[in-house]
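A short write-up of the structure that comes next.
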Amino acid sequence: MNPTYQPDEVEARWYKVWEESGSFRPEVNPDGEPFSIVIPPPNVTGVLHMGHALDHAIQDVVIRRKRMQGFAALWLPGTDHAGIATQNVVERELRKEGLTRHDVGREAFIEQVWAWKAKSGDTIANQMRKLGDSTDWSRERFTFDEGLSAAVRKVFVDLYDEGLMYRANRIINWCPRCHTALSEIEVEHEDDPGELTYIRYPFTDGSGFITVATTRPETMLGDTGIAVHPDDERYKDAIGKTVMLPLMDREIPVVGDEGVESDFGTGAVKVTPAHDPLDFEIGKRHGLKSIIVIDTEAKITADGGEFFGMDRFEAREAVRSRLREIDAIEKIEEHQHSVGHCSRCHTVVEPLLSLQWFVKVDALVGPAIDAVRNDESRFIPKRWEKNYFHWMENLQDWCVSRQLWWGHRIPAWYCDDCGETIVSIDDAVSCTACGSSKLTRDDDVLDTWFSSALWPFSTLGWPDQTDDFEKFYPTATLVTGFDIIFFWVARMMKMAVHFTDQAPFSDIVIHGMVRDMSGKKMSKSSGNALDPLELIAEYGADSVRLALIQAAAPGHDIPLDTEWIDASRRFGNKLWNAMRFAVEFMRVSKVPQDGGYPEDPGPEDAWILSRLHEVSGEIDTLLDEYRLSDAYGLLYNFAWSEVFDWYLEMAKSLANDEDRADSMRQTLGVVLRDVLKLFHPAIPFVTEELWSNLGDGSLLITAPWPDVSTRPCPPEIAPLQELVSAIRRFRSQHHIPHKSDVHVTVVSESPLPDWWMRQVASLSNSIPAAGERPTSVAGHTRLSAGAGVEGFIELEGLVDVDAERPRIEKAIAEVETNLAKSVAKLANPSFADRAPEEVVSAERARVEQMNVELDKQRTLLAELG
RNA sequence: GGGCGUUUAGCUCAGUUGGCUAGAGCGCCGCCCUUACAAGGCGGAAGUCGAGGGUUCGAGUCCCCCAACGCCCA
């Protein structure tokens, strides 16, 4: 074995072995209970970022452990066709050649996207392999593959037949850059600086004018009314009158509407039903016309008079200056206002009256809320449930049609002759109403999230009742970031409960976001992003995984720095060397997958085995609760400080003892084996590599999870460790050279065995001897080891007696402080009355112990001379 | 405006039913190349747990209030 661990050499090799051995398939545990996770599908054109690395590390820990526990564990991988994102990428490619998608045409364009997918779609999969994701590649799915497309069609048609899918003219959010409608959730609202323009609209009866304030003056071209609050005293007389719309010379009415906020602007607002959702409602209530004055290119339409053809922002200025010319502007104020931006390309979205398809959500939310309320699905951490409920209870109908080409085309046909709408699973060939064969298919495709919403069941074969669907649905655990609870989790819940009558997963594990050290979100544009693949190349995948897992407290964001990863790498190296030492120097050979405990373990062996089992049990509980960072923090510390720093050091002296060497070897084998097993889900590569030195030729990935029952612990180890530490501290504080002998007289209430003395000698590099308490402690220092064990060291010839005095004084001061606290506590009569018996008696015992200790130290100080 | 989160060592963070002397990694100081690992070992210093109030025998932990920062929704 190399003296240092070389991850790059090891990782690719083991991944191949795992994959080729079929270890990622649930079939490796044919009799196991099913346990499944579907991956949150990354965008097919995407590249892996730290968020994925975190998300995948967590899922891999969960699935690898379940696999080792004997479950038929399935982690289903796949990708999302990511409508807008992917289409944008390919359009960008086209633009380099000076082309648009319209130049190449719909079919050719889609072919080009597929070609792109074929070329770059493997990127993500290969990056996942680098991370070590134990996904079952034989079950890999794509939201746009045949099976999933069939599921999408069925859901669309069923929803339509149930009256839950409808087409309507509504104000939707339109992205003029992506050229498509967006759902509410795809719009990011930001407070942008702007101006509030106050425009005077003259009454037609000549009785002056009414002033309205607007942040979007260009929309006045489409005004068809003025609205005031009916209770607003200022405008009581205005309601019912008409005004003349400046520039357009259109007579429009003033209406009273409860929806108007009286304290905004002048309290009177212009009504543009075609370009504002609230205005649309007002318009509907008062029978006002909708005039579309801004088109899908965000340019002024022919209905915009002299401004026809102008861009919306150009028109804003032009309208304002024309209004100024006719003296229709009262004033212009600076004004911060919320502006919607496309979450894809950040272009300012335009509210637009448009004919789109919508999912009626009322009927879907109730059962989806109930599934969480009755714990069929539970969020971890639980507090996310509140966000989920709040979101679900305030949902608007979901606009699902997108004016894109890349996506699931809407299965609706319109009859050219009678106008009938035909929605069907199979392509329609004739009109169901008039029989005409002149049909036109809807041009639009579905929101990407529509197919994602079906992911947990569509990937398993639904709507067919496949074996996989029967076996693995509903899935066990979903692991995802809080940022897509609304986009994805909520929609999966709605669709799954509606179509399968079951919640799609029982545990929804929400993790935070990976951030940089200043707490900023990592992004390519701000240049603070760490690239997981670069980090893997530098530190190894295990190090990246372990750092993320240890840092990821449930539901909290993770500030990540390469220092964390470096610490993990050092751990990997430590583990490597511990194993190398065990195998090469301690001659630990093959151990069986199970059992293998020494028949007659020595006390050191019994101790580390009992600790191993105790820690294994705690880790198991923590992992069941998805507290991965706690579990692996615990294991990290156990392995390093107890196994490596203590037991391995003990083992060095045991190796020279014929009677003890075999038991030690067996113990060391068992301990390292179980440490590898426990660590494997987090750091699969290095553990698998090390296992090959220890194991019986089997693979660690499918080895049985450790035994977590408890074992008794011999009581002598604690005082042994304490005495050793005390001697080391003494040496260190007095700068006693390593080579100098330190004689320690060990005094114990009960006799201490030889092995104990030998360990003290070897671990503290001292010469201990059992003896009587010195008749006079003068010229000695006293080391307390608890459990009735003390050590005395003669100072003569070793250290200056005076140098010892501050040491003792400090020890006394420390005990005095703690003693005072405890005494005060006990002196409080209600403490004894109200605190539980064991707490009180423990406190009494402490006081007693501290008194004894204090007494001894004081005597020592007095006699020091 | 509503909701959520964060505030603990120099830095970044753990600390889940309230209960021994509040932990880790990194950094810092001292000693050590002791038969794996100097990417290491041993030892050490370092915290009024954001401020204030309350409940309790007992509060980093529960309640109230305030402040700063961050996120989500409107």
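First the proteins, then the strands, lettered A, B, ... as listed; each starts at 1.
- Here the nucleotide nearest the side chain of E563(A), chosen from A36(B), C26(B), A39(B), is C26(B).
- G44(B) and C49(B) have their P atoms separated by 24 Å, with the value rounded to a whole Å.
- G60(B) and G40(B) have their P atoms separated by 35 Å, given to the nearest Å.
- Judged by distance alone, with hydrogens and angles left aside, E649(A) brings a side-chain donor or acceptor within reach of the base of A36(B), the pair sitting under 3.5 Å.
- Rounded to whole Å, atom P of G2(B) lies 23 Å from atom CZ of F389(A).
- Look at K652(A) and you won't find any side-chain N or O under 4.0 angstrom from OP1 or OP2 of U34(B).
- The gap from the C1' atom of A46(B) to that of C11(B) amounts to 13 Å, rounded to the nearest Å.
- In this structure, of A24(B), C71(B), C37(B), it is C37(B) that holds the atom nearest to the side chain of R580(A).
- Relative orientation of the Y388(A) and F379(A) rings is tilted, given thresholds of 30° and 60° on the angle between their planes.
- Taking atom C1' on both nucleotides, G10(B) is separated from U55(B) by 36 Å, rounded to a whole Å.
- Side chains of Y5(A) and N577(A): a donor-acceptor N/O pair is absent below 3.5 angstrom, by distance only.
- The separation of C26(B) from G19(B), taken at their P atoms, amounts to 28 Å, rounded to a whole angstrom.
- Every stem involving RNA chain B, taken as at least 3 paired positions in a row under the Watson-Crick or G-U wobble test at 3.5 Å, is listed here: B:1-7 with B:67-73, B:10-13 with B:23-26, B:28-32 with B:40-44, B:52-54 with B:62-64.
- Following rounding to the nearest Å, N637(A) (CG) and G23(B) (C1') show an atom-to-atom distance of 9 Å.
- Proximity note for W564(A) (side chain, C-beta onward) versus A39(B), G30(B), U12(B): the nearest is U12(B).
- At a threshold of 4.0 angstrom between heavy atoms, the contacts of F571(A) with the nucleic acid are absent.
- Side-chain contact annotation: R570(A) with N573(A), donor-acceptor N/O pair under 3.5 Å absent.
- Distances from the side chain of D645(A) to the nucleotides G30(B), G41(B), U12(B) place G41(B) closest.
- Seen from the ring of F581(A), K652(A) counts as a face-on cation partner, given the 6.0 Å and 45° thresholds.
- Look at R729(A) and you'll find a side-chain N or O under 4.0 angstrom from OP1 or OP2 of G44(B).
- For G41(B), one of the phosphate oxygens OP1 or OP2 lies less than 4.0 angstrom from a side-chain nitrogen or oxygen of W640(A).
- Between the P atoms of U6(B) and U17(B), the separation comes to 16 Å (whole Å).
- By the 30° and 60° cut-offs, the orientation of the rings of F486(A) relative to W391(A) is parallel.
- Residue K386(A) has a polar side-chain atom (N or O) positioned under 4.0 Å from OP1 or OP2 of C4(B).
- For the C1' atoms, the distance from A51(B) to C65(B) is 10 Å, rounded to whole Å.
- Geometric assessment of R728(A) against the ring of W646(A) yields a positive cation-pi assignment under the 6.0 Å and 45° thresholds.
- The closest side-chain donor-acceptor pair between Y539(A) and D566(A), if any, does not fall under 3.5 angstrom.
- Take the nearest nucleotide of RNA chain B for D557(A) and for W391(A): the residue whose nucleotide is more 5' is D557(A).
- If you take NE2 of H189(A) and P of G1(B), they are 19 Å apart, rounded to a whole angstrom.
- Judged by closest nucleotide on RNA chain B, A551(A) is the one of Q396(A) and A551(A) placed further toward the 5' end.
- Among A14(B), A36(B), C73(B), the nucleotide with an atom closest to any side-chain atom of K574(A) is A36(B).
- In this structure, E393(A) places its CD atom 14 Å from P of A74(B), rounding to the nearest Å.
- Taking atom NE2 on H390(A) and atom C1' on G3(B), their separation rounds to 7 Å, with Å as the unit.
- For S725(A), a side-chain nitrogen or oxygen approaches OP1 or OP2 of G43(B) to under 4.0 Å.
- R383(A) comes within 4.0 angstrom of sugar-phosphate atoms only, judged by non-hydrogen atoms across all strands, and of no base.
- Between the C1' atoms of U48(B) and C4(B), the separation comes to 29 Å (whole Å).
- For R673(A) and W691(A), the positive end is not near the middle of the six-membered ring at less than 6.0 Å and at most 45° from its axis.
- Backbone-only engagement by A567(A) is indicated by non-hydrogen atom pairs under 4.0 Å involving sugar-phosphate atoms exclusively.
- No hydrogens or angles considered: nothing links the side chains of E186(A) and H341(A) as a donor-acceptor pair under 3.5 Å.
- Under 4.0 angstrom from either OP1 or OP2 of G40(B) there lies at least one side-chain N or O belonging to R570(A).
- Heavy atoms of I736(A) sit nowhere under 4.0 angstrom from any nucleic acid atom.
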